[in-house]
Peer 1: 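Mind having a look at this structure? Questions to follow.
Naming convention: chains lettered A, B, ... in sequence-line order (proteins, then strands); numbering from 1 in each chain.
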2 protein chains.
Amino acid sequence: MPLNNQIKPVNPVVEVDEGAANDTSAIDMGPLPNQVGFMLRLAQLAVFQDFIQVYGTVDIRPAQHSALTVIERNPGIRQCDVGAVLSIKRTNIVPLIDSLEKRGLVKRRQTAADRRARSLFLTDKGRKLMGILDQLRLQHERRVLDLIGEKGRERLLEALSRLTGIVD
Amino acid sequence: MPLNNQIKPVNPVVEVDEGAANDTSAIDMGPLPNQVGFMLRLAQLAVFQDFIQVYGTVDIRPAQHSALTVIERNPGIRQCDVGAVLSIKRTNIVPLIDSLEKRGLVKRRQTAADRRARSLFLTDKGRKLMGILDQLRLQHERRVLDLIGEKGRERLLEALSRLTGIVD
DNA sequence: TATTGTTATACTCTATAACTATA
DNA sequence: TATAGTTATAGAGTATAACAATA
């Protein structure tokens with residue numbers, strides 16, 4: 001496969017600054033617009049920003065949302081397994097679950113089988129919140145779909161899934 | 001367009017923890033594997049990790065690489081314009097350029113036209129480094145191509161470019 | 001008044017090392 | 001010895017507010 005890099009312009013993801021009414025269209029970005037890593041950053045920045053805005057009413061961040069989702073679907077799951085499927089290190093899961101526990105959405109329990117482990121469950125409040133989050137998720141995903149279409153979304157997810165295999 | 005979410009499993013991006021020889025394949029991730037934001041994070045995590053590993057020999061991070069690229073292609077560009085095309089805020093560009101200046105790769109100069117602005121240039125050392133970075137970039141992009149192919153890469157870049165328009 | 005660069009600051013995410021209690 | 005959770009800590013990246021110099 002050839003590695004040709006044709007140059008394409010890229011618009012700033014967001015208003016990067018308050019004013020900044022400057023003409024940046026003449027700036028040569030070289031291979032950046034054709035570099036997957038660079039474009040992944042811009043896209044994630046934009047999509048996460050939309051996510052944070054949509055979920056702003058309930059003050060839930062992307063990482064919190066995925067943790068809640070996994071705990072809801074797998075009651076009693078251990079912390080380290082949440083980390084494994086979300087690619088978050090064991091050590092960084094602690095403050096994440098802390099934040100959810102402090103807000104009364106999740107509770108930790110000791111397990112009988114392995115007394116080292118902590119089993120995670122949604123509280124009633126947590127389960128109730130998930131109903132709202134499901135609505136917000138559809139709202140957010142709808143805006144994604146409007147931009148890239150159903151077929152585009154399927155192809156995108158396929159490519160993203162393959163890219164996660166770049167490291168081993 | 002329908003918003004159906006079929007469930008697909010997702011492998012952890014990297015070994016999330018040293019040992020962790022646990023079976024996480026049975027964990028239900030719900031809509032997460034079909035959520036663009038979530039998969040964007042996993043893909044970016046993996047691709048950036050490969051980038052950082054490949055560029056590790058010269059100790060250059062993705063943000064530094066894109067700044068160097070834009071400065072090389074646009075000698076004398078102002079700091080705020082670098083920020084605009086990279087979607088980095090004016091305030092966060094300062095320590096980024098600082099790091100490149102301290103390493104003797106970039107120099108700031110006063111401009112005659114607008115005495116508020118600082119024009120950015122590569123030093124000889126910076127220009128010399130770019131030659132090496134170009135080689136590393138091809139090496140990194142080659143691994144991306146091997147995973148998704150030329151056609152897949154084009155479609156991916158197209159979708160990512162569209163997604164940057166989700167916010168305005 | 002608005003813009004450019006800057007400082008100070010804070011929060012989130014990610015990373016390593018080391019501790020504890022269990023297995 | 002190895003694993004699960006934890007603490008402490010450090011470094012990126014991103015965010016807002018405020019200031020000085022200049023337009």
Side-chain angles (χ1 to χ4, degrees), chain A residues 13-24 40-42 44-46 48-49 51-53 56 59-67 77-84 86-101 108-120, chain B residues 13-24 40-42 44-46 48-49 51-53 56 59-67 77-84 86-99 101 108-120 167:
Chain A
V13 167
V14 201
E15 266 179 290
V16 141
D17 265 307
E18 314 76 37
N22 225 45
D23 180 29
T24 55
L40 275 175
R41 174 182 161 269
L42 289 194
Q44 201 204 312
L45 214 60
F48 269 41
Q49 184 154 326
F51 184 104
I52 291 167
Q53 185 186 313
D59 192 28
I60 287 289
R61 315 247 329 155
Q64 294 175 317
H65 172 258
S66 31
I77 189 174
R78 302 179 310 159
Q79 271 191 198
C80 66
D81 286 339
V82 174
L86 301 185
S87 287
I88 298 177
K89 289 194 178 291
R90 208 173 69 235
T91 187
N92 295 324
I93 281 285
V94 179
L96 176 58
I97 303 298
D98 281 349
S99 74
L100 299 174
E101 200 175 34
R108 288 172 163 108
R109 261 199 254 149
Q110 290 292 351
T111 65
D114 186 339
R115 282 161 58 208
R116 293 170 303 180
R118 315 279 247 126
S119 293
L120 303 178
Chain B
V13 167
V14 201
E15 266 180 289
V16 141
D17 264 307
E18 313 76 36
N22 225 44
D23 181 28
T24 55
L40 276 175
R41 174 182 162 270
L42 289 195
Q44 201 204 313
L45 213 60
F48 268 42
Q49 183 153 329
F51 184 105
I52 291 167
Q53 186 187 313
D59 192 28
I60 287 290
R61 315 251 326 158
Q64 295 175 317
H65 172 258
S66 31
I77 189 174
R78 303 181 308 160
Q79 271 190 200
C80 67
D81 286 337
V82 174
L86 301 185
S87 288
I88 298 177
K89 289 194 179 290
R90 208 173 69 237
T91 188
N92 294 325
I93 280 286
V94 180
L96 176 58
I97 303 298
D98 281 350
S99 74
E101 201 176 33
R108 289 172 162 107
R109 262 198 253 149
Q110 291 290 352
T111 65
D114 185 340
R115 281 161 58 208
R116 293 170 301 182
R118 316 278 247 124
S119 294
L120 303 179
V167 281

Peer 1: Check the distance between C:dA2's C1' and B:Arg78's CZ and give it to me in whole angstrom.
Peer 2: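 It is 13 Å, rounded to the nearest whole Å.
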Peer 1: Check this one for me: any side-chain N or O of A:Arg108 less than 4.0 Å away from OP1 or OP2 of D:dT6?
Peer 2: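 A:Arg108 to D:dT6 OP1/OP2: side-chain N or O found under 4.0 Å.
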Peer 1: Take atom CZ of B:Arg109 and atom C1' of C:dT4, then tell me their distance rounded to the nearest Å.
Peer 2: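 My rounded result for the distance is 18 Å.
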Peer 1: Taking only the side-chain heavy atoms of A:Lys89 (C-beta and beyond), determine which of D:dT14, C:dT16, C:dT14 contains the nearest atom.
Peer 2: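 Out of D:dT14, C:dT16, C:dT14, the nucleotide with an atom closest to A:Lys89's side chain is C:dT16.
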Peer 1: Can you name the residues that form a side chain to side chain contact (heavy atoms under 4.5 Å, CB included) with A:Arg109, not counting sequence neighbours?
Peer 2: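 By the side chain to side chain contact (heavy atoms under 4.5 Å, CB included) rule, A:Arg109 matches A:Lys107, A:Phe121.
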Peer 1: Atom CD of A:Gln49 and atom P of D:dA15: how far apart are they, to the nearest Å?
Peer 2: 6 Å
Peer 1: I need the CG-C1' distance between B:Asp98 and D:dG11, as an integer number of Å.
Peer 2: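 From B:Asp98 CG to D:dG11 C1': 16 Å.
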Peer 1: Check the distance between C:dT12's C1' and B:Arg41's CZ and give it to me in whole angstrom.
Peer 2: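 Computing the B:Arg41:CZ to C:dT12:C1' distance gives 12 Å.
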Peer 1: So if I take every side-chain heavy atom of A:Cys80 and compare against D:dA4, D:dA15, D:dT6, which nucleotide ends up nearest?
Peer 2: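 Among D:dA4, D:dA15, D:dT6, the one nearest the side chain of A:Cys80 is D:dA4.
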Peer 1: How would you list, by chain and number, every residue that makes a side chain to side chain donor-acceptor pair (under 3.5 Å) with A:Thr111, sequence neighbours excluded?
Peer 2: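 A:Thr111 satisfies side chain to side chain donor-acceptor pair (under 3.5 Å) with no residue once adjacent residues are dropped.
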Peer 1: Kindly give the heavy-atom pair with the smallest separation between A:Leu45 and B:Ser87, and that separation in Å.
Peer 2: CD2-O, 3.9 Å
Peer 1: Find the distance A:Ile77:CD1 to D:dG5:C1' and express it as a whole number of Å.
Peer 2: 15 Å
Peer 1: Rounding to a whole Å, what distance do you find between B:Leu86:CG and D:dG13:P?
Peer 2: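 It is 12 Å, rounded to the nearest whole Å.
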Peer 1: Below 4.5 Å, heavy atoms only, C-beta onward: do A:Gln110 and A:Arg118 meet side chain to side chain?
Peer 2: yes
Peer 1: On DNA chain C, check which nucleotide each of A:Ala63 and B:Gln79 is closest to and give me the residue with the more 5' one.
Peer 2: B:Gln79
Peer 1: I'd like a table of atom pairs between the protein and nucleotides 17-23 of chain C - only N or O on both sides, under 3.5 Å - with the distance next to each one.
Peer 2:
{"from": "C:dA23", "atom 1": "OP1", "to": "A:Arg115", "atom 2": "N", "distance (Å)": "3.1"}

Peer 1: Sequence neighbours excluded, which residues qualify as side chain to side chain contact (heavy atoms under 4.5 Å, CB included) partners of A:Arg61?
Peer 2: A:Ile52, A:Gln64
Peer 1: Can you tell me the distance, in whole Å, between the CG atom of A:Leu42 and the P atom of D:dT14?
Peer 2: 10 Å
Peer 1: Identify, with sequence neighbours excluded, every residue that meets side chain to side chain donor-acceptor pair (under 3.5 Å) alongside A:Asn92.
Peer 2: none
Peer 1: Using the test side chain to side chain donor-acceptor pair (under 3.5 Å), find all partners of A:Arg108 that sit at least two apart in sequence or belong to another chain.
Peer 2: A:Gln79, A:Asp98, A:Glu101
